[in-house]
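Chain letters run A, B, ... following the sequence lines, proteins first and then strands; every chain starts at 1.
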2 protein chains.
Amino acid sequence: MAATIIDVANRAGCSKSTVSRFLNGSTVIAEGTRARIAQAIDEMGFRPSEIGRSLKRRLTQTVGVLVPSLTNPVFASSVAGIQAQARSAGRSIILATSDYDPDIEKEAVANLLGHNVSGLILTLCNGVSSAALDLIESAGCPFVLLFNDAVGSNGPAISVDNEGSARELTEAVISAGHRRIAFVAAHFASSDRSRLRYCGYTTALEAAALPVLPPLEVHFEGGDTSAVIAELFTQPDPPTALLCSTDILALTAMATLRDLGLTVPNDVSVAGFDGIGLGAMLSPPLATVAQPTWDMGFEAMRLLSEQLAGRMISAPAYLPHALRLGGTLAVPKRSIATSMNNNKAGRKSDEL
Amino acid sequence: MAATIIDVANRAGCSKSTVSRFLNGSTVIAEGTRARIAQAIDEMGFRPSEIGRSLKRRLTQTVGVLVPSLTNPVFASSVAGIQAQARSAGRSIILATSDYDPDIEKEAVANLLGHNVSGLILTLCNGVSSAALDLIESAGCPFVLLFNDAVGSNGPAISVDNEGSARELTEAVISAGHRRIAFVAAHFASSDRSRLRYCGYTTALEAAALPVLPPLEVHFEGGDTSAVIAELFTQPDPPTALLCSTDILALTAMATLRDLGLTVPNDVSVAGFDGIGLGAMLSPPLATVAQPTWDMGFEAMRLLSEQLAGRMISAPAYLPHALRLGGTLAVPKRSIATSMNNNKAGRKSDEL
DNA sequence: ACTGTTTATGGGAACGTTCCCAATAATGCA
DNA sequence: TGCATTATTGGGAACGTTCCCATAAACAGT
């Protein structure tokens, strides 16, 4: 049975109020009393109950964190960033995962709210409209969206410019000489990032007057990716470049292509999104749009702290992304053969 | 301001006791009352405070989880498993990370205990003796160790047989024909797994009367790995095989070897530990000892639930590991040239 | 010595819930 | 009808803390 503040008070020969003051350093305490309390705490291994404390104070030192999955290193890394900042702010985090499922997401949020978290950091399936978000807003709980590119909303959010960066990446692929570019995407319903990235892709292609292919939507961690890709590349006139809405998807795609006897980037170029650490270790390294995932988590937590301190922030903030070209993204063979004026752009991309 | 149970009682025209009974389903409630309460709860969006509840009950529905890092997919995956089982048991998890630092570890555990967690799941730097463990035991808080191969202790633990599997892996490397085998390890002080795996390595080598090289200890997520490996392979008579105490380390090693102009597995074989998902996607796939990380987390949480339900479990449990050979592990060139009787073993390994 | 002010401490209500104990109303049975 | 039993419900203490208010002691200034 853990010691309570009253046990400490009895042992130190003072009242619980004085011990409480000692713990919170609110007022001056006589040197003798102070020493006795310190000794009593030490001897009994007393540690104030966070429960009793937060019941009275009506606010906890915990924040709720909801991400779709921890198996995706993007989210794992962002949670690590959140955790780091939370610790330095003396807060703890309650972790929940949604498995990319809006229903689980809602239930998880309800659960977090029941824990009286002082705030929430969330990566939602859809950052613009979701039952979970309604719940949070009706509870009046401060929150920060993470990765959700909530352009329309007025809530605080930390993200990268998903649409813009996808456009840039697609432009790079185009200027490398590719003309038939496919897009594999996680189901739009479970990831607004996926949808926005596809939008960037279409924008770039339309601007270049190139054919826009419909998105190949796959389940995030399901096994349907390989089948979809295999079908795509056994059709006549397959694409020369494959964009994937996440790095994980890109790696799966590359494994499938290998099984089909195609080499990357010789036969087909591949690029992903996220910039997970292992992508850079591959040979050739995975072309991607790198986002500062750890920093994003860290910054989200900092933003939430600001909010909790009363400083209201309401504009979504974009952190800088970085294109990592080269590696799995190269000049297409057919393009070189058929079109002279792509050479320059192609070589340039090759060097990046 | 969130509604309390009293607000609900007032609105439903009954006492808080009745509402409490409604919430916990402890006794029968008159149909009319039941309906009014349900309606009031619904209208006010009431959600019972986990804080008030756990203060009174003197037990929380939260468990503390401590892992060294989330950036390592091994731990991220195990936390995902913990999370899955926790949700189905109606529990929440408070997450903390130690960064492989025993001091942070202790502080984090103290913090978790302050949250009155009903139990703890921990991956400690050292599962046999640690200040954090002392803290937990003196608090009498139920716990399950995860990944810590706490053979000596009598507490419940979920692990794989680190030493045995390392021995098996080393034996496989030996029978592939390797004679000079080096071992890169995460610092023993921050990972008992690392030490045990090295022990398995030495056992296998000694049994085969081969030279045991001292461990090359590196910082886990530090940048010193490349330098250490580069030095090793620029010395005369470098090893033909490199065992790494984790897959992450192995991937870093392979990138370094590539930079040195060495190819894997042609010039040097590499094997890791853990069996992270991305290792299998590489070409060639990373040879490794795969552990069921997700299942281990799931099982650890299940074990903790058992314990909380009063069924005492005290023996550490090993989950099965699996050797994934082939890929980055092949027959050494020199060995084939110099020794006939290795051919058979070598070819066998090549096929795996 | 008397008042006013500071310094150090104690007492008790409150936070939102559970749960024991009582109290009332309703029912069953002789 | 009377009494025992059951079905519902209400009241209040308790969980461990904080924090407002009160109190006592010490001290300074006249």
Report the nucleotide, chosen from D/dT8, D/dG12, C/dT9, that has the shortest atom-to-atom distance to any side-chain atom of A/T27. C/dT9

Contact between B/L59 and B/Q61 at the side-chain level, heavy atoms closer than 4.5 Å - yes or no? yes

Can you tell me how far the CD atom of A/Q83 sits from the CZ atom of A/F298, to the nearest 0.5 Å? 12.0 Å

In the structure I gave you, are the side-chain heavy atoms of B/I136 and B/V109 within less than 4.5 Å of one another anywhere? yes

Per atom distances to the A/I5 side chain, the nearest of C/dT18, D/dT8, D/dT18 is D/dT18

Check the distance between C/dG10's C1' and A/N10's CG and give it to me in whole angstrom. 13 Å

Integer-rounded Å distance: C/dC15 C1' and A/N116 CG: 10 Å

Give one of base, sugar-phosphate or nothing for B/T33, where a contact means two heavy atoms less than 4.0 Å apart. sugar-phosphate

Between P on D/dT18 and CG on A/L23, what's the gap in Å once rounded to a whole number? 6 Å

Can you check whether A/R53 has a side-chain N or O nearer than 4.0 Å to OP1 or OP2 of D/dT18? yes

Between A/S92 and B/N111, do the side chains contain an N or O donor and an N or O acceptor separated by less than 3.5 Å? yes

Could you state the CD1-P distance from A/I6 to C/dA13, rounded to the nearest angstrom? 14 Å

Expressed in angstrom and rounded to an integer, what is the separation of A/R58 atom CZ from D/dG16 atom C1'? 16 Å

Compare side-chain N and O positions of A/S15 against OP1 and OP2 of C/dT9 and report whether any pair is under 4.0 Å apart. no

Rounded to the Å, how far apart are A/I29 CD1 and D/dA25 P? 19 Å

When we call it a touch if two heavy atoms are under 4.0 Å apart, what does B/S49 touch: a base, just sugar-phosphate, or nothing? sugar-phosphate

What's the spacing between B/L304 CG and B/I121 CD1 if we round to 0.5 Å? 5.0 Å

If we fit an axis to the first five pairs and another to the last five of the helix from C/dA1-D/dT30 to C/dA30-D/dT1, what angle do they make, to the nearest 10°? 40°

Hey, which of these two, B/A30 or A/E50, hits DNA chain D nearer its 5' end, going by closest nucleotide? B/A30

Using atom CD of B/Q61 as one end and atom P of C/dT17 as the other, report the distance to the nearest whole Å. 15 Å

Any A/S78 side-chain heavy atom under 4.5 Å of A/L146 side chain: yes

Of A/K16 and A/R34, whose closest DNA chain C nucleotide lies nearer the 5' terminus? A/R34

Pick base, sugar-phosphate or nothing for A/L55, based on heavy-atom distances below 4.0 Å to the nucleic acid. base

Of the listed nucleotides D/dG16, D/dG11, C/dG16, the one nearest the side chain of B/T4: C/dG16

Select from B/R57 and B/C14 the residue whose nearest nucleotide in DNA chain D is closer to the 5' end of that strand. B/C14

Can you tell me if B/T18 touches the phosphate of D/dG10, counting only side-chain N or O atoms and a distance under 4.0 Å to OP1 or OP2? yes

Any side-chain N or O of B/S17 under 4.0 Å from OP1/OP2 of D/dG11? no

Can you figure out which of C/dC15, C/dG16, D/dG10 approaches the side chain of A/K56 most closely? C/dC15

Between D/dC20, C/dT17, D/dG10, spot the one nearest the side chain of A/R21, thanks. D/dC20

Roughly how far, to the nearest 0.5 Å, is the CZ atom of B/R87 from the OG atom of A/S98? 8.5 Å

Whole angstrom value for the distance that separates C1' of D/dT17 from NE2 of B/H115: 15 Å

Can you confirm whether the side chains of A/T293 and A/S77 place a donor and an acceptor under 3.5 Å from each other? yes

So B/F22, base contact, sugar-phosphate only, or nothing? Heavy-atom distance under 4.0 Å. nothing

Verify whether one side chain among B/S190 and B/D101 offers a donor that lies under 3.5 Å from an acceptor in the other. no

